[in-house]
Amino acid sequence: MNMQTRNDPFILMAGVYLTVGLLAAIGTLTVEAGLLEPLPRLRWVTVHFVTIGGLTQAVFGVLPTFVAARSTGRRSSAGRSRWLQWVSVNAGYPLLLVGMTTGSTTTAGAGAVLVLGALLSLLVTVFRLPSSTAAAGSARYFRTAPWFLVVGILAALGMLFGVHGPGGYFGSLEAHVHANVWGFLALVVAGVLLTVLPELLGTDRRFPRARTITYWGLTIGAAGLVVGPWTARHELTIGGLALYVVGTGALLASVVGTYRHSDRQQDSRIALVLGAYFWLLVPVPIAPFVLLFPTAVPAAAIERAAINGLVFGWLLQLAMAFLPVVAVAARRDPAAFVDAIATAAETGPQPSWIQVGIANAGMLLLWLTAVPLADGVASLLTLGGYLLLAAAWAAFVVDLWTALAGGRSVRRRLEETPFG
């Protein structure tokens, strides 16, 4: 069976985990409202439903397809190795979650090893794909990104078994988060944006030379953000952050320039992208103060808000913008995958402006909790933030399953149905 003939099993599992993640977010709401007692590690489990459960599953599904679609057009996703990857990651991830929630190091470690095995197999799949010279600029994002996830999983194993660098446990934790999110997922997202936006908007990509600045800025910057915390060298962390901002600025210049060059106006997906990168960059001017003067600022509250911003402000909004489109396009032949993006964007579900507004309003409320406030006010802001995010998340889950079920939204099907 060809994994891309119908719905990709990885993307189906992404839908499952994002749906369960929504239920976990609702569980967080009930805890914040005082209806349930705090559940152990609920916040981190919810975070992992979005990152490893949702986004990483989707990346496993489409990464070979993106590389092939931008190179020779070969079918790349069939074969026993792809199914073994699927089995391994979907056996390992539940073990990882169970180990996290129960505190079982052995169970969590076994799950992490299985996910690592699937990842190494994915790397072999991606590197075996031929890439033309013209496609090398896009393909290198997708070939570099998984190495950061390898480092992130190794950092997680270090935390599980007490093996740390000079930065100790919290250095390993930061290295883990930075490798997985700022490295792995950010490079994939950048490659997808540079690949998909011209097709989505029906225009040529603007500022093509910025692609090189984006790649090296994100790659070297993310490396500094991983090595710096692990080695407790703040100069590496701050230097990496500076380079990362340069790479992100080049990426956003390409995104905005390409959008302005197109005929499409007021596209909610572009609004989600810009909102996502706003929340990614919010912690940047604050980060040096947290690193150098942790007692002078509410470091714990800021770090909590920053992680919420990375996961729910940045990753979740990017998923809202593109995962339904990718789900529709991935149902087609891999050789026509990129060409199918524009059609999928026209016929598939599109996020509403209300969804854009409430997602960003929810993140604003969660970020306000980083400001010193009375406990009651902070709790209300947290409750309101999660409530708005859960509403936007629920709309996204409906869009995603609509795309997986057939590709047309209910509204558009009604518009195409002749009445009277």
Checklist entry - Looking only at side chains, do Thr125 and Gln85 share a donor and an acceptor under 3.5 Å apart? => result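 Yes - a donor-acceptor pair under 3.5 Å links their side chains.
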Is the shortest side-chain heavy-atom distance between [X] and [Y] below 4.5 Å?
{"X": "Leu18", "Y": "Leu400", "value": "yes"}
{"X": "Leu22", "Y": "Phe396", "value": "no"}
{"X": "Tyr277", "Y": "Val189", "value": "yes"}
{"X": "Leu366", "Y": "Thr382", "value": "yes"}
{"X": "Pro64", "Y": "Leu122", "value": "yes"}
{"X": "Thr231", "Y": "Leu236", "value": "yes"}
{"X": "Phe60", "Y": "Pro9", "value": "no"}
{"X": "Phe184", "Y": "Thr56", "value": "yes"}

Checklist entry - Do Phe49 and Val45 pass the side chain to side chain contact (heavy atoms under 4.5 Å, CB included) test, and can you show the C-alpha distance, the side-chain angles, and the key distance before you say yes or no? => result CA-CA 6 Å; Phe49 275 130; Val45 169; 3.4 Å; yes
To the nearest 0.5 Å, tell me how far [X] [atom1] sits from [Y] [atom2].
{"X": "Leu272", "Y": "Leu318", "atom1": "CG", "atom2": "CG", "result": "8.0 Å"}
{"X": "Leu387", "Y": "Ile358", "atom1": "CG", "atom2": "CD1", "result": "9.0 Å"}
{"X": "Arg211", "Y": "Leu193", "atom1": "CZ", "atom2": "CG", "result": "13.5 Å"}
{"X": "Leu149", "Y": "Leu154", "atom1": "CG", "atom2": "CG", "result": "9.5 Å"}
{"X": "His234", "Y": "Leu241", "atom1": "NE2", "atom2": "CG", "result": "13.0 Å"}
{"X": "Leu292", "Y": "Thr237", "atom1": "CG", "atom2": "OG1", "result": "9.5 Å"}

Item to check | Option passing side chain to side chain contact (heavy atoms under 4.5 Å, CB included) with Gln317 (candidates Val273, Asn360, Leu280) | outcome: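 Exactly one pass, corresponding to Asn360.
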Next on the checklist: I'd like to know whether CH2 of Trp401 has more than 12 heavy-atom contacts from other residues, nucleotides or ligands below 6.0 angstrom.
Outcome noted: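 Check passes, neighbour count above 12.
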Item to check | Within 6.0 Å of CD1 in Ile354, more than 12 heavy atoms from elsewhere | outcome: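 Counting other residues, nucleotides and ligands, CD1 of Ile354 stays at 12 neighbours or fewer.
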Testing the basics here: between [X] and [Y], what is the closest heavy-atom pair and its distance to 0.1 Å?
{"X": "His178", "Y": "Leu225", "answer": "ND1-O, 2.7 Å"}
{"X": "Pro283", "Y": "Trp367", "answer": "CG-CZ2, 3.7 Å"}
{"X": "Ala25", "Y": "Thr46", "answer": "N-CG2, 4.2 Å"}
{"X": "Ala175", "Y": "Trp230", "answer": "CB-CB, 4.2 Å"}
{"X": "Gly385", "Y": "Leu365", "answer": "N-CD1, 3.6 Å"}
{"X": "Asn90", "Y": "Gln57", "answer": "OD1-NE2, 2.7 Å"}

Checklist entry - When the ring planes of Phe293 and Phe289 are compared, do they come out parallel, tilted or perpendicular, using 30° and 60° as the limits? => result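 Rings of Phe293 and Phe289: tilted, 30 to 60°.
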Is [X] reaching over with its side chain to a backbone N or O of [Y], donor-acceptor style, under 3.5 angstrom?
{"X": "Thr214", "Y": "Leu251", "value": "yes"}
{"X": "Ser172", "Y": "Ala155", "value": "no"}
{"X": "Thr19", "Y": "Gly15", "value": "yes"}
{"X": "Tyr93", "Y": "His48", "value": "yes"}

Item to check | Residues Val311, Leu316; criterion side chain to side chain contact (heavy atoms under 4.5 Å, CB included); working and verdict | outcome: CA-CA 6 Å; Val311 176; Leu316 191 59; over 6 Å; no
Item to check | Test side chain to side chain contact (heavy atoms under 4.5 Å, CB included) applied to Leu389 and Met363, step by step | outcome: CA-CA 7 Å; Leu389 282 171; Met363 266 316 308; 4.2 Å; yes
Item to check | Chi angles and distances behind the side chain to side chain contact (heavy atoms under 4.5 Å, CB included) call for Phe161, Thr105 | outcome: CA-CA 7 Å; Phe161 296 104; Thr105 299; 3.6 Å; yes
Checklist entry - Checking side chain to side chain donor-acceptor pair (under 3.5 Å) for the pair Thr144/Tyr215: CA distance, chi angles, key distance, verdict? => result CA-CA 10 Å; Thr144 302; Tyr215 173 78; 2.7 Å; yes
